[in-house]
Amino acid sequence: MVRVRYAKIPIFLLSLSSALILPVGAMATSGTMDLSSMEVKNGIQQWGEPKALTSNGNPQGGLAFHNAVVTNANSRLTILLHKSCQTLAGRVAIDPGAPASATAQFSIWKGDTRLWASPMLHKNDNPVPFSLNVGPYREVTLKVDRQSGTAFTCRCDWLDTAVTYKGRVPEVVDRPESWKRDFVPGAVWRDNNGVPIQAHGGGVLKVGNTWFWVGEDKSKGYNNFVGVHEYSSRDLIHWHDEGVVLPASSLPEEFRSTGVCERPKIIYNPLTKLYFMWMHLDAHRYTVSEAGLAIAPKVNGPFKYVAAIRPVNNSTFRDMNVFVDKDGSAYLIYAAENNATLYIVRLDRSYGAPHRPEVEGVTWARIAPGGWHEAPAMWRYGSTYYLIASHTTGWSPNTASLFTAKSPLGPWVYQGNPFNGPDSHETFYTQSTCVIPAPGHPGWFIYMGDRWNPADLGNSRYVWLPFHITKGSNHFDVDWHSHWNLKDLGTTLKAYVKSLTPGGSH
Ligand code: DGJ
């Protein structure tokens, strides 16, 4: 492989010495802080692996650079500047290790205000220099947006990028201070202990005034090494760690470290006063394909494994979800027939088994036969039932499908792709997992998606986006928001959506 090095341009900022004398006790220094020397593991990578940043060569950039920070197109690094930071300067370029078609734009933001933007850069373009007075700002965000249609893994370099400062050294943080109370789709989402949330392929259940989020803990990798993790929240933003409520060790051996436990969801049965966790259990390259059931007397467990079954027709059971209707009937919705067809199956009154005897069209139904859908998320608004599902491309994003029906067992009618705007054909690089009502705003819902990172599944991100349904309508749009707040749902967000210009920012 040819090794490429950017010519190192001596930027005057980088040569500033740290000779300023500070008052005794200020515990402060001054000088130039190179971005590549900052602790950036908390930066927001919108897609792909987190980059270990080093000042002397970056193996993950594919090639060796000095003083380069390599991010992906679709990344954000927010730098906390503290007082007395003065100048931010450097150069930007597409990494020589990026695909030939790589095209991306670099920009620097203060909150929602763009301070600087590069032209749209292509691979092999010369690095573009920038120098900004950041004195007035306490934080700035370095963003890279790929051009729609170009590889999302394309590597992009912040070369020789450094801040001159007096006082505390600049740091890289998860998100701008002003977004701390916002949903930030694609950002690292930390629990009350500051640990990234592990609830992939998850679902959210509201009990009283608390939401409970369960999902796959992939912190140790793809297989079921850990189990099902749960978190609780009063505002859907701040999540308290409830721990692993169904440990892998409590499942039959084939579903532990050599198998998988995917897409767990919880429902509550008021008759038995028990919580039922249904999940997809699998092993041997997804050939076991069964529905797992675990039960607990409390929503936060511990859950006890009960059984693994194939609900109807002995058909395969893979990506799944649950839905409880207003009349108390509960349903399993899942990818059956080796993922070719979605099934919806009514459970019996206990929620612990399928309704028997099974009669197609009466206790269960096929949805979109041969349509190759998975990752179903179902909900009801008014008298219309909605179902979003992805197509079947492993961990890679694809175009979502919306279906609507007047009864859970259908007929379900295909209504197109509900995602709107740039990258909507890739569902904003996500796969559906759940849809919940947005509290306090009738007609508003929250789409919960997984942005899978196949190379490091535990570092997959969550993308939650709000959308509005007009009662009775078979259509709605899910738009991208780089950050949003429940309090903005309604007029503000509607106005904001209308004002969105094409271009995308994720
Ligand atoms: C896509 C599914 O939606 C995920 O839950 C997971 O099963 C992956 N496939 C595995 O490739």
Side-chain angles (χ1 to χ4, degrees), residues 47-48 197-204 213-229 246 248 251 254-266 277-292 308 310 315-322 332-344 367-368 371-378 387-403 417 419 425-435 447-464:
W47 185 270
I197 290 173
Q198 287 294 330
H200 310 285
V204 167
W213 178 5
V214 280
E216 305 158 28
D217 187 324
K218 295 251 184 253
S219 57
K220 295 204 171 143
Y222 162 68
N223 287 110
N224 188 19
F225 296 107
V226 185
V228 177
H229 211 127
L246 181 69
L251 295 178
E254 65 178 338
F255 304 131
R256 299 184 204 165
S257 57
T258 56
V260 293
C261 166
E262 293 182 349
R263 299 182 177 269
K265 309 284 182 305
I266 298 176
M277 181 192 289
W278 285 94
M279 69 210 91
H280 165 206
L281 294 177
D282 226 317
H284 312 298
R285 294 167 164 254
Y286 291 102
T287 53
V288 176
S289 308
E290 288 177 336
R310 285 195 170 177
S315 189
T316 49
F317 182 104
R318 298 205 186 107
D319 278 12
M320 53 78 58
N321 218 314
V322 287
L332 291 176
I333 312 103
Y334 59 97
E337 300 178 8
N338 275 318
N339 290 356
T341 300
L342 290 170
Y343 281 8
I344 179 160
I367 303 172
W372 296 94
H373 287 99
E374 60 183 4
M378 179 177 165
L387 176 64
I388 288 183
S390 74
H391 284 87
T392 50
T393 51
W395 304 114
S396 303
N398 54 49
T399 306
S401 294
L402 170 69
F403 300 90
N417 172 14
F419 292 82
H425 291 291
E426 290 91 5
T427 318
F428 307 132
Y429 307 105
T430 73
Q431 190 180 29
S432 39
T433 189
C434 190
V435 170
Y447 162 81
M448 292 170 51
D450 292 293
R451 183 171 280 176
W452 297 113
N453 180 348
D456 180 7
L457 281 169
N459 192 31
S460 300
R461 302 292 168 80
Y462 312 103
V463 170
W464 291 21

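Just so you know, ligand 1 is whichever comes first in the structure, and atom 1 is the first atom listed for that ligand.
- In terms of N/O distances under 3.5 Å, ligand 1 is approached by Q431.
- M279 is not listed as a side-chain neighbour of V214, based on a closest heavy-atom distance of 4.5 Å or more.
- Ranking the protein heavy atoms by distance from atom 10 (C) of ligand 1 puts Y286 OH, 3.2 Å first.
- The nearest protein atom to atom 2 (C) of ligand 1, hydrogens excluded, is given as D319 OD2, 3.1 Å; this is a heavy-atom distance.
- Only side-chain heavy atoms of R263 come within less than 4.0 Å of ligand 1; its backbone N, CA, C and O stay farther off.
- Residue-to-ligand polar distances keep E216 apart from ligand 1: every N/O pair is separated by 3.5 Å or more.
- Contact check for V260 versus N223: side-chain heavy atoms found under the 4.5 Å cut-off.
- Considering CG of D282 and OG1 of T316, their distance stands at 9.0 Å, rounded to 0.5 Å.
- Note that OG1 of T392 is 5.5 Å distant from CD of E374, once rounded to the nearest 0.5 Å.
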Item to check | Trace of the side chain to side chain donor-acceptor pair (under 3.5 Å) decision for N417 with T399 | outcome: CA-CA 7 Å; N417 172 14; T399 306; 5.1 Å; no
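- Not a single N or O atom of W452, backbone or side chain, sits closer than 3.5 Å to an N or O atom of ligand 1.
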- Task: Determine, stepwise, if the pair H425 / F419 fulfils ring pair (Phe, Tyr, Trp, His ring centres under 6.0 Å).
- Result: CA-CA 7 Å; H425 291 291; F419 292 82; over 10 Å; no
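- Protein heavy atom nearest atom 7 (O) of ligand 1, with residue, atom name and distance: E262 OE1, 2.6 Å.
- Heavy-atom distances between G394 and ligand 1 reach below 4.0 Å in at least one pair.
- Of the heavy atoms in R318, none comes closer than 4.0 Å to ligand 1.
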